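Have a look at the structure below before the remarks.
Remember, predicted model here, so these are calculated numbers, not experimental data.
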Amino acid sequence: MAPAGDREGYWGPTTSTLDWCEENYAVTWYIAEFWNTVSNLIMIIPPIFGAIQSVRDGLEKRYIASYLALTELEYILKRLK
C-alpha cells in the first residue's frame, strides 16, 4: 500500500515510504494507524491495571515493576515481529 502523502496528521507529515497495515490518519487526525493502536490496547491495559491494583493492595514495589516491565516487554516483542 502506498503512503497517504496527501494526509498530514497532528504529528506532522508522513515520512515513511511504506504502509504495512493501514492508511495513516484514516480514522483520526491524532493516530496514524488507528486499528493497529486499538488492537495493541489488549496487551497494554492488563499489566497497567495489575500495577494499579498492586499499589492499592500495598504490595511490594517489585510487583509494580514486574507489571510495568511486562508492558514494555510486550511492546518490544510486538515491534520485533
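Here the OH atom belonging to Y30 is positioned 11.5 Å from the OH atom belonging to Y25, to the nearest 0.5 angstrom. Here the CE atom belonging to M43 is positioned 8.5 Å from the CG atom belonging to L73, to the nearest 0.5 angstrom. To the nearest 0.5 Å, the span separating CG on L70 from CD1 on I44 amounts to 11.0 Å. To the nearest 0.5 angstrom, S39 atom OG is 9.5 Å from E33 atom CD.
L68 places none of its side-chain heavy atoms less than 4.5 Å from the side chain of E72. Side-chain contact between L59 and I64 is absent, with no heavy-atom pair separated by less than 4.5 Å. With a 4.5 Å cut-off on side-chain heavy atoms, Y10 and T28 do not count as touching.
Contact between S54 and Y63 at its shortest, heavy atoms only, is OG-CB, 4.0 Å. What you find for W29 and E8 is that their closest heavy atoms are NE1-O, 3.1 Å. The shortest heavy-atom contact between E22 and N36 is OE2-N, 3.0 Å.
Within a 6.0 Å sphere centred on CG of L41, other residues, nucleotides and ligands contribute more than 12 heavy atoms.
Cluster annotation: I31 and V38 are assigned to the same hydrophobic cluster (Ile/Leu/Val/Met/Phe/Trp/Tyr, side-chain heavy-atom contacts under 4.5 Å, transitive).
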